[in-house]
Amino acid sequence: MAWARLASRSRLCPAAADAVSRAPRASPSAPPPPPQAGHADPAAPPLRRILRVPQLHSAAAASSASHARLLGDRWQRLGGARRWLGSEASAAPAPVGEAAELVEVPLAQTGEGIAECELLRWFVNEGDQVDEFQPLCEVQSDKATIEITSRFKGTVHQIHFGPGDIVKVGETLLKMIVGDSQIVSPDNIFPSSDKSVGVESAVASNEGNAPSGTLSTPAVRHLAKQYGLNINEIVGTGKDGRILKEDVLNYAVSKGLCKKQSSSLEDSIGQVEFVEEGKSVPSVPFYEDKKILLRGYQRAMVKSMSLAAKVPHFHYLEEINCDSLVQLKARFQTENKDNTIKHTFLPFLIKSLSMALSKYPMLNSSFIEETNEVVLKGSHNIGIAMATTHGLVVPNVKKVQSLSILEITKELARLHEMASHNRLSAADIEGGTITLSNIGAIGGKFGSPLLNLPEVAIIALGCIQKLPRFDDDENVYPSSIINVTVGADHRVVDGATVARFCNEWKGLVEKPELLLLHMR
């Protein structure tokens, strides 16, 4: 009965029947031996080994054996082609000379908690040859910018998304033709756990060397998707039948999905004049609202600030005298012989902050709300808020307690360079324990920062400004003053702890020579 069901399945596969009719027949002088029931030839192809016939002890044995013999004869006439059943398929690379496979390249999981990414740019085009581990595209998640590389060597068949599109994890980015031949046969297209799930079939083009399909750019396909149109129903007017943007818009107009605007009216916008009481009055300018979709780092800021707004904050404002720090920084810059290094105040503030955190580790911790636990972090991974053209991002300098001021300076330069080109990795952003917001580098005397959860403290730095101060003899003198604002999670840190911590940090900044006592 099993062979009867299998034989009925084979009759439902017209592709297989056509292949049988087209296949060359074996010579009559050397007919292939039929398969024997219950005894599989160990040298037979894989299908022959899979389709083993059990010992038959009933009247149905003859019928089942005849089905097996019929399949075996057809199999031999096909030249021993290794064709697997779809339910038993395990993807194997196509041998030389056989048809290639069409595989899907999905967006893989790029990080914990990441459900979607924005496609920034493609490094390949449809029809390009791609090698293993060659970069395909660049995507940006809420945390970092990532390059997607190819697992296969083959040809780009179809690109599914364009720059600016939001791609969910698991969605197909593109399809590739993998194998020695560029002809995609339906017999070679099966789902594979190693390559893709639900791979669609493709048919060879008339020329036999390029896959057929609708010619269009990802942007045009995205436009058709926005109107809910099937792009295969649209007739292209471009070269070789390529579908253009105008084709999609015209088709949408014919379906009543949008209205076509007069080109002459568009050209005359801004040039129309109204006549009132015989006088020519220029038209009133038209101001249109515009919606902007927040993406990348901006979307991450929406999430983090929405969470931070639910946490009770405690802010503590202090001013620090930076006269000694200004002099020390000037001497460092004078003695600097490396033109690639520029000394600033920030590395000194970061190193002194790490010294103060060693004495008050509660400020270098994270709070687990579900279990009411505080995790005291062993490393001082101090984050630096950076404003870029792509949004606010907070990379962090790892293990500051083990770095020198010069090493911190170099790491800050590297992070700033990577952030300005949107090249920060997930490792650069993850793992922060406390954050510095240097708003004074842009302007402003002080701010009230919001926590970068799950951290329990954040510090805003104002600009250093010259202000009049009194000495012990009540004489007025100019002093370099910086305002710092410490924001803390009041569920974990009390005001007294923040004040003592700030006093410790202030003493190290005002007398930077004290850092030598704690250097390792």
Side-chain angles (χ1 to χ4, degrees), residues 86 89-94 100-179 184 188-202 211 213 217-219 221-222 225 293-304 390-391 393 395 418-419 421-431:
S90 62
E101 289 183 275
L102 185 66
V103 300
E104 296 179 348
V105 179
L107 175 63
Q109 186 71 43
T110 58
E112 184 179 357
I114 301 300
E116 59 187 18
C117 294
E118 177 187 356
L119 179 61
L120 297 181
R121 56 175 173 163
W122 284 101
F123 299 119
V124 296
N125 297 310
E126 293 181 356
D128 288 356
Q129 297 290 328
V130 176
D131 294 326
E132 265 189 292
F133 309 113
Q134 178 178 336
L136 297 175
C137 62
E138 186 177 60
V139 299
Q140 183 178 26
S141 68
D142 293 347
K143 298 182 179 179
T145 302
I146 305 151
E147 279 189 357
I148 305 298
T149 57
S150 175
R151 294 177 53 196
F152 315 108
K153 180 178 180 180
T155 304
V156 178
H157 173 58
Q158 186 179 36
I159 293 176
H160 284 219
F161 294 92
D165 289 346
I166 300 297
V167 186
K168 296 186 181 299
V169 172
E171 286 188 327
T172 301
L173 287 168
L174 76 162
K175 292 180 181 178
M176 291 179 57
I177 300 175
V178 178
V184 184
N188 265 342
I189 301 176
F190 288 106
S192 167
S193 59
D194 293 335
K195 295 185 179 180
S196 64
V197 178
V199 180
E200 298 177 3
S201 61
T217 63
R221 286 196 292 272
H222 181 67
K225 185 178 179 182
L293 182 62
L294 297 182
R295 294 174 173 172
Y297 297 141
Q298 291 178 319
R299 296 182 65 184
M301 185 172 66
V302 171
K303 295 179 182 178
S304 60
H390 307 281
V393 62
M418 298 293 284
H421 292 87
N422 199 24
R423 306 294 296 173
L424 288 170
S425 66
D428 293 328
I429 298 174
E430 296 173 347

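The analysis underlying the following values was restricted to heavy atoms, covering all of them including side chains, and did not include hydrogens, waters or symmetry mates. These figures come from a predicted structure and were not determined experimentally.
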For this session: Kindly write out the residues that satisfy side-chain hydrogen bond (donor to acceptor under 3.5 Å, both in side chains) with Thr172, not counting sequence neighbours, or none if the list is empty.
Result: Glu104

Exercise. Going by heavy atoms in the side chains, are Ser150 and Phe133 under 4.5 Å from each other?
Worked result: no

Exercise. Taking only residues two or more places apart in sequence, or in another chain, which ones meet Asp165 in a side-chain contact (heavy atoms from CB on, under 4.5 Å)?
Worked result: Phe161, His222

For this session: Indicate yes or no: at least one non-hydrogen side-chain atom of Leu107 is less than 4.5 angstrom from one of Glu171.
Result: no

For this session: Could you tell me which residues satisfy side-chain contact (heavy atoms from CB on, under 4.5 Å) with Glu430, sequence neighbours excluded, listed by chain and number?
Result: Lys143, Ala426

For this session: Please round to the nearest 0.5 Å and tell me the distance separating atom CD of Glu101 and atom CZ of Phe152.
Result: 9.0 Å

Problem set entry | Considering all heavy atoms, the nearest Pro106-Gly170 contact | CB-O, 3.7 Å

Exercise. Heavy atoms, side chains only, cut-off 4.5 Å: are Leu174 and Gln158 in contact?
Worked result: no

Problem set entry | Spacing of NE2 belonging to His157 relative to CG belonging to Asp128, to within rounding of 0.5 Å | 14.0 Å

Exercise. Can you tell if the side chain of Val130 reaches within under 4.5 Å of the side chain of Val124, non-hydrogen atoms only?
Worked result: yes

Seminar exercise, completed: The side-chain contact (heavy atoms from CB on, under 4.5 Å) partner of Val393 among Asp428, Leu424, Thr145 is Leu424

For this session: Could you list the residues that satisfy side-chain contact (heavy atoms from CB on, under 4.5 Å) with Thr149, not counting sequence neighbours?
Result: none

For this session: Enter the distance from Ile429:CD1 to Met418:CE here, rounded to the nearest 0.5 Å.
Result: 10.0 Å

Problem set entry | Test side-chain contact (heavy atoms from CB on, under 4.5 Å) applied to Pro135 - qualifying residues, sequence neighbours left out | Phe123, Glu147

Seminar exercise, completed: When rounded to the nearest 0.5 Å, the distance separating CG of Leu102 from CE of Met176 is 10.0 Å

Problem set entry | Test item: side-chain donor near acceptor, Thr155 and Gln129, under 3.5 Å | yes

Problem set entry | Test item: Gln140 and Asn422 side chains (from C-beta on) under 4.5 Å apart, heavy atoms | yes

For this session: Measure the CG-NE2 distance between Leu119 and His160 for me, rounded to the nearest 0.5 Å.
Result: 12.5 Å

Problem set entry | Straight-line distance of Ile148 CD1 to Leu173 CG, nearest 0.5 Å | 6.5 Å

Exercise. Is the closest basic N to carboxylate O distance between Glu116 and Arg299 below 4.0 Å?
Worked result: yes

Problem set entry | Lys/Arg-Asp/Glu bridge criterion (N-O < 4.0 Å) met for Glu132, Lys153 | no

Exercise. What residues, two or more places apart in sequence or in another chain, satisfy side-chain hydrogen bond (donor to acceptor under 3.5 Å, both in side chains) together with Glu118?
Worked result: none

